Amino acid sequence: MFADNFRVLTMPTSTELGYNSKIEGDVVVTRVDAAINWCRKQSLWPMPMGLACCAIELMAAGASKFDISRFGSEVMRFSPRQSDVMIVAGTVTYKMALAVRRIYDQMPEPKWVIAMGACASTGGMYRSYAVLQGVDQIVPVDVYVAGCPPRPEALLDALIKLQNKIQKEPVLAA
Amino acid sequence: MASAELANQLKAKFGELLSVPSEFRGEVTLKLADAERIAEVCEFAKKSLSFDMLLDLTSIDNYGEDPRWTLVYELYGTGHGCHLRLKTEVSEEKSESPTVTGVWRGADWHEREIYDMMGVRFRGHPDLRRILMWDGYPYFPLRKDFPLAGKPNDLPDVAFTKPAPLEGGPFVTVAGGKDSIAREPRVRTPES
């Protein structure tokens, strides 16, 4: 089962190379990058930065009907130190902005950010003295989700897009 | 007991200090001539007329007029179920009024909100800090002369603000347009 999953990412093992799995067992050749990214993307633990009504849809995405655990992200961590992806769900006010930044800073690398909904992406309908006009002014955003609020499917789609993005990231280049 | 009757009792007690009760769609309003005596009037309304609840306390900015501020007190009695509205005016130079937290403790946050948004202070308030914006924010954003987009401001390690992009707005709807093109939200600056 383990080896089957690896075959998705790498060239199928072939007897043409003189390899016989019946004799040698399931040995897979892959790149370290691909293997590490494969591990990372399948267990993105979210930091639920629920600030407004988008957080309700985020809860729905976590509940049984939409079931975010199908994508390995059911472990909502309320401690930034155990989180991989911050889902900013809702209106970020200027009063909250530096707190969001601080929580982001407390997350261990590697870390990603999903801006969920119009408010987190651009300030949404709040063209106002009190609302940050997009959370990308304070943290780097990987995926933006449109909607007010977005349906849980849209968030799951964003999660899949983030997984695809992570799969392409170079891990060892530095 | 009706609101109008209670308003008349209040008027009888304070005489010239209060205006004649005016009624609009069943809502009774009294105007208080001297804002300095608001606490005294509210005390009587609570103790003798059973207005045991302050539903709301808000402020109006009559920008360009004098006096600039109007404070609006929405009184309610849970026993008799009647509403009463008290209005009083405060000049811009003074921008201060006595607190009614001694009458209703619930006035605490309402008064803090007015201080935060309009900059009217309440004398005798136990804890007159900003309630929505942060300590150190230099403006009063609900004043009419404060721009809708906000003003830039930076308080290191606390909060920062930037003007919001309005893309030519604010977009304003005008009632009574003859077609949907005339009624839809459009850029309307005060001059145009």
Side-chain angles (χ1 to χ4, degrees), chain A residues 47-55 79-81 86-107 111 113 115-141 144-150, chain B residues 58-59 61 63 109-110 112-120 127-173 184-190 192:
Chain A
M47 165 77 226
M49 198 73 223
L51 300 172
C53 36
C54 280
S79 161
R81 299 178 203 290
M86 180 192 256
I87 300 176
V88 185
T91 318
V92 185
T93 58
Y94 283 117
K95 198 175 183 180
M96 192 68 191
L98 292 190
V100 172
R101 173 73 215 188
R102 194 165 163 190
I103 289 169
Y104 176 80
D105 286 341
Q106 288 171 346
M107 287 165 60
K111 52 190 171 183
V113 176
M116 180 181 178
C119 291
S121 301
T122 67
M125 65 176 182
Y126 299 104
R127 290 282 177 270
S128 148
Y129 65 92
V131 176
L132 184 70
Q133 301 295 306
V135 76
D136 51 7
Q137 291 188 20
I138 49 167
V139 293
V141 176
Y144 299 86
V145 191
C148 185
Chain B
T58 83
S59 56
D61 181 359
Y63 183 58
W109 282 14
H110 292 308
R112 280 179 65 186
E113 188 186 9
I114 292 176
Y115 168 67
D116 191 359
M117 294 287 124
M118 287 289 194
V120 179
D127 182 26
L128 194 64
R129 287 177 296 131
R130 284 180 176 273
I131 190 168
L132 295 168
M133 306 305 278
W134 46 94
D135 286 329
Y137 183 73
Y139 308 112
F140 300 107
L142 237 55
R143 288 185 174 182
K144 293 286 184 197
D145 51 357
F146 185 84
L148 191 65
K151 290 182 179 178
N153 177 240
D154 192 8
L155 203 61
D157 299 327
V158 179
F160 68 93
T161 56
K162 292 179 190 172
L166 291 179
E167 306 295 344
F171 299 92
V172 183
T173 48
E184 72 182 11
R186 281 175 184 274
V187 178
R188 290 180 225 274
T189 48
S192 61

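Chain letters run A, B, ... following the sequence lines, proteins first, then strands; residues in each count from 1. Just so it is clear, the structure is predicted and the values come from calculations on it, not from any experiment.
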Walk me through whether A/I138 and B/F160 qualify under side-chain contact (heavy atoms from CB on, under 4.5 Å). CA-CA 11 Å; A/I138 49 167; B/F160 68 93; 3.9 Å; yes
Working note: A/Y94 + B/W134, criterion side-chain contact (heavy atoms from CB on, under 4.5 Å); need CA distance, chi angles, decisive distance, verdict.
CA-CA 9 Å; A/Y94 283 117; B/W134 46 94; 3.7 Å; yes
Nearest heavy-atom contact between A/S128 and B/A164 is N-CB, 3.7 Å
Surrounding NZ of B/K151 (heavy atoms of other residues, nucleotides or ligands, distance under 6.0 Å), is the total greater than 12? yes
Under 4.5 Å to a heavy atom of chain A? For B/P147 that would be neither
Cut-off 4.5 Å, heavy atoms of chain A, and the answer for B/Y139 is neither
Between A/L98 and B/D157 the two heavy atoms that sit nearest each other are CD1-C, 3.8 Å
What one should report as the nearest heavy-atom pair of B/M133 and A/K95 is O-NZ, 3.9 Å
What one should report as the nearest heavy-atom pair of B/P165 and A/Q133 is CD-CG, 3.8 Å
